[in-house]
Amino acid sequence: EGRKNNMTNLISDAFIQAKELVMKAMGELVADGTFPAEPVPAFNTEIPADSKNGDVSTNAAMVCARPFRNNPRKIAEAIVSKIDLNGSYFARCEVAGPGFINFFYSTEWYATVVATVLEQKEKYGETDLGAGKSVLVEFVSANPTGPMHIGNARGGAIGDCLASVLEKAGYEVAREFYINDAGNQIEKFKTSLEVRYLQIYKPETELPEDAYQGQDIIDHANAFNEIYGDKYVNADSEERRQALCDFALPKNIQKLHDDLGKYRIQYDKWFNESTLHKDGSVQRVIEQLKASGHTYEKDGALWFKTTEFGVPDIAYHYNKLAVRKFDKAVDIFGADHHGYIARIKASMTALGVDADRLDIVIMQMVNLVRNGEKYKLSKRSGKAITLSTILDEIPIDAARFFFNLREPNSHFDFDLDLAVSQTSQNPVYYVQYAHARICSVLKKMNEEGIEVKSLDKAALSVLTAPEEQEMIKHLATLPNVINEAAKAYDPAKVTKYVIDLATMYHKFYN
């Protein structure tokens with residue numbers, strides 16, 4: 001109930017009221033015989049593109065032309081003559097063009113919006129779209145075999161901000177990181193570590209072409225050697241590989257924790273793939289798929305009928321939806337995962353799980369740009385740019401904001417020079433500067449001993465300047481923006497809202 005009491009959407013309320021006023025007027029016109037007693041077709045209520053055409057507009061008269069056997073303009077004029085705006089959110093309504101009915105907000109409506117924001121404080125904008133349903137948002141889930149790259153940096157910002165949007169829209173949200181600590185890439189990690197360790201003693205040992213080539217592997221091998229020396233040079237290969245992996249993998253996982261923590265991302269759960277193997281989940285999923293006839297054997301291997309069989313991933317998604325029973329699972333993946341979507345959804349269907357409960361957000365690549373040119377390597381290390389190097393160069397606010405400037409599925413040029421510039425060309429600075437200006441106004445009032453009284457609606461009804469009303473109207477749209485961003489899984493809608501709000505504030509301030 002506490003949540004419900006806080007839900008206010010003054011634009012929706014105004015839409016409902018406009019509709020009711022029109023319906024009541026039509027009822028009177030039918031009752032007095034002006035129009036025939038015909039059912040009224042569904043009509044639209046919307047915000048006009050140009051505010052000269054009012055704040056809320058409806059096409060009610062147009063859709064009634066046929067049942068009322070009259071021209072829309074005449075119908076509209078008759079409706080408006082019957083509308084009583086007393087006690088409503090509107091100061092006036094008028095007929096425009098071929099028969100639109102346009103309503104204009106009263107000072108009472110503007111005052112109510114401001115009073116609501118003041119009363120609800122940081123809860124303002126919350127909605128009950130999610131109705132308390134549980135959603136698991138899985139994002140980043142970078143391989144723990146190496147550092148996080150620029151794509152993970154975008155995935156982190158989008159995933160974390162999307163989770164916040166869903167919380168604001170009334171969902172119960174959990175954030176999760178899936179650690180691939182089993183399978184092929186771990187075997188490759190072990191091979192790479194083993195070769196680099198052996199090369200310290202036997203420089204002629206060759207590194208396979210498909211092994212990890214990075215400096216981080218060499219660093220791990222050297223650190224391992226400092227502790228254990230040649231103890232593992234003549235050991236059994238499997239023992240040596242396991243020892244190296246047990247030494248290096250926890251360090252990599254800790255680095256993931258540290259870098260994401262620095263990026264202000266806190267996960268509710270870090271889920272290890274290895275647990276699915278240990279607790280028999282993977283085997284159970286194979287048995288279930290076999291039993292339901294969704295597998296076949298070929299060349300001595302078991303295959304899933306849609307395409308190759310990523311069993312641990314299937315077991316993981318089954319765990320989310322069938323074992324832990326989240327109402328929805330949302331994954332944020334890079335563009336290279338397109339083919340994966342159909343496969344994982346088909347596997348859920350095969351296991352008797354409703355595949356519509358799984359939503360996958362595809363995120364396009366990012367190009368880093370510096371001095372107008374594509375930029376791949378870090379100046380300092382000469383290595384590929386990682387999340388860690390990005391955060392050394394750019395404020396965290398700017399990184400998170402920039403990655404949420406465009407919808408996830410759009411390609412994006414990240415301008416490193418712009419992200420650090422303190423000019424109004426930089427959207428982050430532009431928004432933060434609006435906030436700084438607000439703080440300075442409040443500070444000045446404080447210095448001059450002007451006390452901000454608790455404001456009632458009568459006091460707020462003096463906010464009639466166009467710049468004030470434009471900004472108040474924008475504030476009123478926040479619940480709708482939250483809902484749209486949650487439905488589209490697109491936090492960039494909130495970023496745009498904030499930039500527009502800053503633009504209006506600067507105009508008001510000037």
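In this chain, numbering begins with 1 at the start of the sequence shown.
For the pair K473 and Y105, the cation-pi criterion (under 6.0 Å, within 45° of the ring axis) is not fulfilled. Cation-pi geometry between R406 and F412 is not met: the NZ or CZ atom fails to fall both under 6.0 Å from the ring centre and inside 45° of the normal.
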Open item on the list: Let's go through D500 and K496 carefully: what are the C-alpha distance in whole Å and the side-chain angles of both, what is the deciding distance for salt bridge (charged side-chain N to carboxylate O under 4.0 Å, His left out) to 0.1 Å, and is it a yes or a no?
Closed with: CA-CA 6 Å; D500 290 344; K496 183 185 181 307; 2.8 Å; yes
- [ ] Using the salt bridge (charged side-chain N to carboxylate O under 4.0 Å, His left out) rule, take E448 and K443 through it: C-alpha gap first, then chi angles, then the decisive distance, then the call.
- [x] CA-CA 9 Å; E448 292 177 16; K443 188 166 164 245; over 6 Å; no
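Side-chain contact annotation: S461 with E108, donor-acceptor N/O pair under 3.5 Å absent. Looking at D331 and H317, their side chains do bring a donor and an acceptor atom within 3.5 Å of each other.
When atom types are taken as modelled, the side chain of D417 and the backbone of N371 share a donor-acceptor pair closer than 3.5 angstrom. In this structure, the side chain of K269 does not engage the main chain of E176 through any donor-acceptor pair within 3.5 Å. Here the side chain of R73 pairs a donor or acceptor atom with the backbone of G97 at under 3.5 angstrom. For N53 (side chain) and A96 (main-chain N/O), no donor-acceptor pair under 3.5 Å exists by modelled atom type. Looking only at distances, no side-chain donor or acceptor of D327 sits under 3.5 Å from a matching main-chain atom of K133. Here the side chain of E468 pairs a donor or acceptor atom with the backbone of T464 at under 3.5 angstrom. With N426 contributing its side chain and S421 its backbone, the two residues share a donor-acceptor pair below 3.5 Å. The backbone N or O of F139 sits less than 3.5 Å from a side-chain atom of Y267, completing a donor-acceptor pair.
Among R264, R400, R154, the one residue that satisfies the salt bridge (Lys or Arg N to Asp or Glu O under 4.0 Å) test with D160 is R400.
S88 and S106 make their closest contact through O-OG, 4.0 Å (heavy atoms, listed as atom of the first residue, atom of the second, distance).
For E172, the CD atom sits in a loose shell: 12 or fewer heavy atoms of surrounding residues, nucleotides or ligands are nearer than 6.0 Å. Few gaps surround CD on E447; more than 12 heavy atoms of other groups in view lie less than 6.0 Å from it.
Among residues at least two apart or in separate chains, ring-ring contact (aromatic ring centres under 6.0 Å, His included) pairs with a member in residues 424-452 are Y429-Y433, Y430-H506, Y433-H506.
Counting only heavy atoms from C-beta outward, the side chains of F414 and V369 never approach each other to under 4.5 Å. The side-chain heavy atoms of Y171 and K328, taken from C-beta on, include no pair separated by under 4.5 Å.
Residues F333 and Y340 place their aromatic rings such that the two centres sit under 6.0 Å apart. Aromatic ring centres of F90 and F104 lie farther apart than the 6.0 Å criterion allows.
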